[in-house]
Every structure is written in C-alpha cells, then in structure tokens.
Amino acid sequence: MDKALTLLSFGPEGWGDEIAWGVVVTVCLAIVTLPFGLFLGFLIALAKKSSEPSLQLAANIYTTLFRGLPELLTLFLVYFGLQIAVQVLLKMAGFDFYFEVNSFIAGVIALSFVFSSYTSEAFLSAFRGIPQGQYEGGYALGLSKGKTLRLVVLPQLIRLALPALGNSWLVLLKDTSLVSVIGLSDVMRQSGIAARVTKEPFMFFGIACLIYLVLAMISSTGLVRIERWSKRGEATR
C-alpha cells in the first residue's frame with residue numbers, strides 16, 4: 001500500500017503529476033475536437049439532404065470512408081500523410097526545409113474526421129424528425145431559408161440530435177487514447193511509461209481505466225442535464 005501511494009504521489013518519486021498532465025491533455029484533445037467535429041458533421045448532414053446530387057455523393061463517400069476505416073489507421077494517415085503532403089507542396093513552391101505535424105493537431109484532425117462522420121448521421125436523423133410544416137411556417141413569416149434554418153429548425157435539431165451526439169461524445173472521449181501511438185502525452189501514454197519504468201502495469205493501467213470511467217460518468221451526468229434543459233419547454237405543454 002505504501003509503495004502504491006509513493007508511486008502515485010506528486011513529485012520526483014511519484015507519477016501523479018505525469019498522470020494528471022495526461023488527463024489534462026486527454027480532456028483538452030476531446031474538447032478541442034468537439035466543435036470541429038460537430039460543425040463538420042452538420043455540414044455533411046446538410047450536404048446529404050441537399051437536392052444537389054454531387055453534394056450528396058461527396059457526403060456519402062466521406063461518411064463511408066471515415067466510418068469504414070479503423071480510427072487508428074485514420075490517425076496514421078493524417079499524421080504521416082499530411083506531413084508528406086505538406087512537404088511535397090513546400091518543395092513544389094521552392095521551399096526546402098523539413099516540416100513536421102504536431103501530434104496534438106494531427107489527433108484533432110483525425111478524430112474530427114471520424115467524429116463528424118458519425119455526428120452527420122445524428123444530424124441527418126434529426127433533420128428527418130422535423131416536420132416540413134416547420135420550414136413552411138418560417139417561410140410564411142417572411143424568414144429567409146438561412147433564418148428559418150437558424151431560428152426555427154436549428155433549436156429543434158439540437159434537441160432531437162442530443163442523445164446520439166452524447167453517445168458520439170463518449171466514443172470520442174475513449175478514442176483519444178489512440179493518440180498515444182503518435183507520441184502525445186495523454187493518459188494512456190503516461191500510464192504506459194509509468195508501467196514500464198516501475199514494472200507495475202496492472203496498477204497504472206488500472207488507474208487509466210478508473211480515469212476514463214470517471215470522465216465518462218462526469219460526461220454522462222452533464223449530458224443528462226443538458227437533455228433535461230433542452231426539453232424544459234415540453235413539460236409545460
């Protein structure tokens with residue numbers, strides 16, 4: 001017990017500060033990815049419900065690609081492929097210097113692609129749940145298509161999509177563990193380093209499990225409150 005407390009303490013003899021920093025990196029990665037993934041997923045959903053066949057085709061190819069590829073493979077493609085692509089473009093422009101993609105940025109881009117491919121389906125299902133009369137009512141009031149979408153449709157869309165978006169957020173939170181393979185000091189990487197150095201893999205990976213469970217519980221509690229807040233107007237009807 002004393003050994004475990006020493007290993008988990010903060011300071012030169014323990015790994016508490018490294019694990020805590022890993023939690024900060026994991027949470028920051030998920031939070032930064034969230035708005036990009038939501039915005040991109042919303043655009044993909046708009047493209048899928050568009051009357052333009054080319055937009056529908058492009059959106060369907062996008063979601064099929066990133067839902068079909070393993071998340072780890074997508075991460076590798078972004079981390080190494082983006083680096084090579086930028087290097088080639090720099091050489092074509094006449095610049096001859098080495099370019100390296102930051103692992104945090106690569107993680108955000110890769111996870112945003114995967115996250116948006118799933119959230120687009122949530123948004124698309126929510127769009128289908130909104131009656132056509134809502135659009136027609138907005139137009140009858142003299143609202144443009146953009147204002148109807150923003151003022152009439154979007155509030156209902158968010159409420160309808162929240163349960164599926166909440167599940168996608170929990171999946172995103174777990175998928176952040178993949179970035180440890182490209183050198184980002186998240187919970188999994190810090191736990192893995194501590195396990196190798198101390199020869200205590202069960203303890204440190206067990207701590208990582210508890211951390212992810214606690215983050216999931218906090219997220220679930222927050223999501224339940226958000227859903228209740230979004231339905232506050234229904235109780236008075």
Side-chain angles (χ1 to χ4, degrees), residues 20-49 59 62-63 65-79 82 101-127 129 149-150 153-190 208 211-232:
W21 176 247
V23 174
V24 172
V25 172
T26 294
V27 173
C28 287
L29 180 61
I31 290 176
V32 172
T33 302
L34 180 63
F36 290 107
L38 288 176
F39 180 69
L40 191 54
F42 180 70
L43 293 181
I44 296 299
L46 286 178
K48 282 193 170 186
K49 70 183 294 293
Y62 179 93
T63 53
L65 177 64
F66 289 110
R67 292 175 68 186
L69 289 177
E71 287 86 348
L72 185 59
L73 182 56
T74 301
L75 182 62
F76 283 148
L77 289 174
V78 171
Y79 184 64
L82 182 61
V101 177
N102 181 276
S103 56
F104 185 89
I105 295 176
V108 169
I109 295 173
L111 292 177
S112 294
F113 287 155
V114 176
F115 184 60
S116 63
S117 67
Y118 288 97
T119 56
S120 65
E121 295 299 320
F123 283 126
L124 187 61
S125 297
F127 270 122
L149 178 64
R150 180 168 55 89
V153 176
L154 192 58
Q156 300 178 70
L157 184 76
I158 294 173
R159 177 175 58 81
L160 293 173
L162 262 178
L165 293 178
N167 290 332
S168 297
W169 162 256
L170 293 176
V171 173
L172 170 64
L173 198 59
K174 292 184 293 182
D175 283 347
T176 57
S177 61
L178 298 173
V179 299
S180 61
V181 300
I182 58 173
L184 193 62
S185 300
D186 69 325
V187 171
M188 282 301 299
R189 181 170 176 80
Q190 299 289 42
I211 290 172
Y212 281 108
L213 285 174
V214 169
L215 292 176
M217 291 170 63
I218 294 172
S219 297
S220 297
T221 302
L223 289 168
V224 168
R225 292 185 177 181
I226 292 173
E227 286 187 38
R228 287 177 180 173
W229 175 81
S230 69
K231 297 177 181 179
R232 66 195 184 283

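Note that these values count all heavy atoms, side chains included, but never hydrogens, waters or copies made by symmetry.
Nearest approach of V78 to A106, heavy atoms of both residues: CG1-O, 3.7 Å. Closest approach of D186 to S180, counting heavy atoms only: OD1-CB, 3.2 Å. The shortest non-hydrogen separation linking V179 to G107 is CG1-CA, 4.0 Å. Taking each heavy atom of L157 and A126 in turn, the nearest pair found is CD1-CB, 3.4 Å.
Looking at heavy atoms from C-beta onward, E121 lies in side-chain contact with L124 at the 4.5 angstrom threshold. In this structure the side chain of L154 reaches within 4.5 angstrom of the side chain of F42, judged on heavy atoms. Within the 4.5 Å cutoff, no side-chain heavy atoms of Y62 are placed close to those of L65. Contact annotation: the side chain of I105 never approaches that of V108 to less than 4.5 Å [non-hydrogen atoms, C-beta and beyond]. Looking at T63 and K48, their side chains come closer than 4.5 Å, going by heavy atoms from C-beta outward.
Atoms CG and CG, on L77 and L72 in that order, are 9.5 Å from each other to the nearest 0.5 Å. Rounded to the nearest 0.5 Å, atoms CD1 (I109) and OH (Y79) are 12.0 Å apart. Interatomic distance, I44 CD1 to F113 CZ, rounded to the nearest 0.5 Å: 10.0 Å. To the nearest 0.5 Å, atoms CD1 (I211) and OG (S177) are separated by 12.5 Å. Here the OG atom belonging to S117 is positioned 8.0 Å from the CD atom belonging to E71, to the nearest 0.5 angstrom. We find the CG-CG distance between L111 and L75 to be 7.0 Å, quoted to the nearest 0.5 Å.
Ring centers of F127 and F123: at least 6.0 Å apart, outside the cut-off.
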Could you go through residues 160-176 and list every donor-acceptor pair under 3.5 Å that involves a side-chain atom there, pairing it with any protein atom two or more places apart or in another chain?
| from | atom 1 | to | atom 2 | distance (Å) |
| --- | --- | --- | --- | --- |
| S168 | OG | A164 | O | 3.1 |
| W169 | NE1 | S219 | OG | 3.0 |
| T176 | OG1 | L173 | O | 2.5 |

Distance-only criterion, 3.5 Å: show the donor-acceptor pairs between side-chain atoms of residues 26-39 and protein atoms not counting sequence neighbours.
| from | atom 1 | to | atom 2 | distance (Å) |
| --- | --- | --- | --- | --- |
| T26 | OG1 | G22 | O | 3.0 |
| T26 | OG1 | V187 | N | 3.2 |
| T33 | OG1 | L29 | O | 2.7 |

So F66 and S116, side chain to side chain contact (heavy atoms under 4.5 Å, CB included) or not? Walk me through it. CA-CA 9 Å; F66 289 110; S116 63; over 6 Å; no
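A donor-acceptor pair is defined here as one N or O able to donate and one able to accept, closer than 3.5 Å; no such pair exists between the side chain of S125 and the backbone of A122.
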